[in-house]
Protein chains: 2
Amino acid sequence: MTLQPFNIGGLSRQTGVNIETIRYYEKIGLLPPPARSQGGFRQYEDRHLQRLRFIRRGRDLGFSIDSIRALLTLAERPDSPCEGADQMVLLHLDEVERKIADLTLLRAELRKMKNCCGRVVAQCQIIGSLVAPRE
Amino acid sequence: MTLQPFNIGGLSRQTGVNIETIRYYEKIGLLPPPARSQGGFRQYEDRHLQRLRFIRRGRDLGFSIDSIRALLTLAERPDSPCEGADQMVLLHLDEVERKIADLTLLRAELRKMKNCCGRVVAQCQIIGSLVAPRE
DNA sequence: CGTTGACTCTGTAGTGGCTCCAGGGTCCAT
DNA sequence: ATGGACCCTGGAGCCACTACAGAGTCAACG
């Protein structure tokens with residue numbers, strides 16, 4: 001538990017979130033604006049730290065800003081049903097699985113392409129398969 | 001072999017590339033500007049079709065616009081050595097493999113998260129793991 | 001008390017690769 | 001001559017940041 005408020009740099013170090021990104025999150029209303037010092041420096045408290053860690057973790061898991069916004073709203077109402085969260089995870093999981101499938105196909109294509117002729121472009125398999133894909 | 005020049009809509013249909021995207025490719029110098037009709041319509045020829053198909057295929061394979069530019073330059077010089085193309089494919093393959101690995105980890109995390117409690121947010125595993133990740 | 005140097009502020013613009021739109025002009029078949 | 005499909009340009013918007021300029025603040029040291 002941090003008792004003293006800290007600057008944006010401290011918050012950045014404690015969360016691994018870029019300073020510019022923190023300010024950006026404030027601008028788009030994801031992180032509440034903190035108090036300011038007399039000179040105008042942002043003074044963060046523990047609640048900001050908690051919230052930013054939540055956001056960071058959500059981003060690391062690949063959730064969009066909008067999804068995180070929804071998850072934060074949910075998290076703030078401990079008595080509300082959590083189907084919404086469940087749905088979002090399932091949706092996102094689907095998306096991730098689709099991406100993995102796509103990239104796996106891509107990888108296969110690229111593996112077919114490599115092992116180039118080693119000579120000149122005219123015989124090059126890579127260029128060739130871009131001009132007309134091998135079936 | 002198409003003999004008559006065709007409009008942007010025709011080029012779009014033959015390649016599956018959006019009209020707006022075609023104009024964008026022209027603007028960034030990826031597709032050479034075609035002749036124009038008296039009224040100012042773009043009139044494409046076979047070489048544009050070939051080139052755009054190459055671009056499309058490169059994009060489908062996940063290459064960046066810059067990489068495609070380089071590959072096109074290579075493709076235009078049939079006598080040049082094709083190490084460059086080889087390098088680019090290998091680099092891109094590495095990247096794709098890294099992405100697959102990342103997404104696979106992500107998928108595992110998301111699978112751990114799902115099967116939510118089915119009740120309220122206070123006991124919700126999803127929200128919980130965003131607040132403090134399970135180890 | 002003054003200076004130094006690390007830190008922070010605001011506002012704006014840029015990234016990639018498109019996509020969308022408004023407000024107009026063109027083309028061609030009827 | 002007209003209708004409807006097509007096309008034009010220029011600019012803004014998308015996502016989630018990132019980079020920068022030019023200025024101001026803070027705290028420790030001498």
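Protein chains get the first letters and strands the later ones, always in sequence-line order, with residue 1 at the start of each.
- Under 4.0 angstrom from either OP1 or OP2 of D/dA16 there lies no side-chain N or O belonging to A/Tyr25.
- A salt bridge links B/Glu109 with B/Lys112: the distance from a Lys NZ or Arg NE/NH1/NH2 to an Asp or Glu carboxylate oxygen falls below 4.0 Å.
- Checking A/Gln43 against B/Arg23, the closest nucleotide of DNA chain C that is more toward the 5' end is the one next to A/Gln43.
- Side chains of B/Phe41 and B/Ile8 form no contact here, defined as non-hydrogen atoms less than 4.5 Å apart.
- The nearest whole Å value for the distance from the NZ atom in B/Lys27 to the C1' atom in D/dG11 is 8 Å.
- A residue-by-residue look at B/Tyr44 and A/Ser64 shows that B/Tyr44 has its nearest nucleotide of DNA chain D further toward the 5' end.
- In this entry the distance linking CD of A/Gln4 with C1' of D/dA27 reads 15 Å, nearest Å.
- Near DNA chain C, defined here as any heavy-atom distance below 4.0 Å, the residues from residues 29-40 of chain A are A/Arg36, A/Gly40, listed numerically.
- For B/Leu74 against B/Gly84, the heavy-atom pair with the smallest separation is CD1-C, 4.1 Å.
- Of the possible donor and acceptor atoms, one in the side chain of A/His92 sits under 3.5 Å from a partner among the backbone N and O of A/Leu61.
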**Message:** The test is salt bridge (Lys or Arg N to Asp or Glu O under 4.0 Å); show your working for B/Asp94 and B/Arg98 and say whether it passes.
**Reply:** CA-CA 6 Å; B/Asp94 266 14; B/Arg98 230 175 308 121; 5.1 Å; no

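- Rounded to a whole Å, the CG atom of B/Leu11 is 14 Å from the C1' atom of D/dC7.
- Think of the region where chain B sits on DNA chain C: with heavy atoms and a 4.0 Å cut, that region ends 5' and 3' at C/dG17 to C/dC27.
- At a threshold of 4.0 Å, the pair A/Glu76-A/Arg51 counts as salt-bridged, since one of the basic side-chain nitrogens sits closer than that to a carboxylate oxygen.
- The hydrophobic clustering, which links ILVMFWY residues whose side-chain heavy atoms are closer than 4.5 Å, places B/Val96 and B/Leu105 apart.
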**Request:** Show the numbers, then the answer: is there a side-chain contact (heavy atoms from CB on, under 4.5 Å) between A/Ile126 and A/Lys114?
**Result:** CA-CA 7 Å; A/Ile126 293 169; A/Lys114 79 170 184 182; 5.9 Å; no

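- If you take CD1 of A/Ile22 and P of D/dA16, they are 18 Å apart, rounded to a whole angstrom.
- Position along DNA chain D of the nearest nucleotide to B/Ile19 versus A/Asn18 favours B/Ile19 as the more 5'-ward residue.
- With hydrophobic clusters built from ILVMFWY side chains whose heavy atoms lie under 4.5 angstrom apart, B/Leu90 does not share a cluster with B/Phe63.
- When the P atom of D/dA12 is taken as reference, atom CD of B/Glu20 falls 16 Å away, rounded to whole Å.
- Distance, B/Phe41 CZ to D/dC7 C1': 4 Å, rounded to whole Å.
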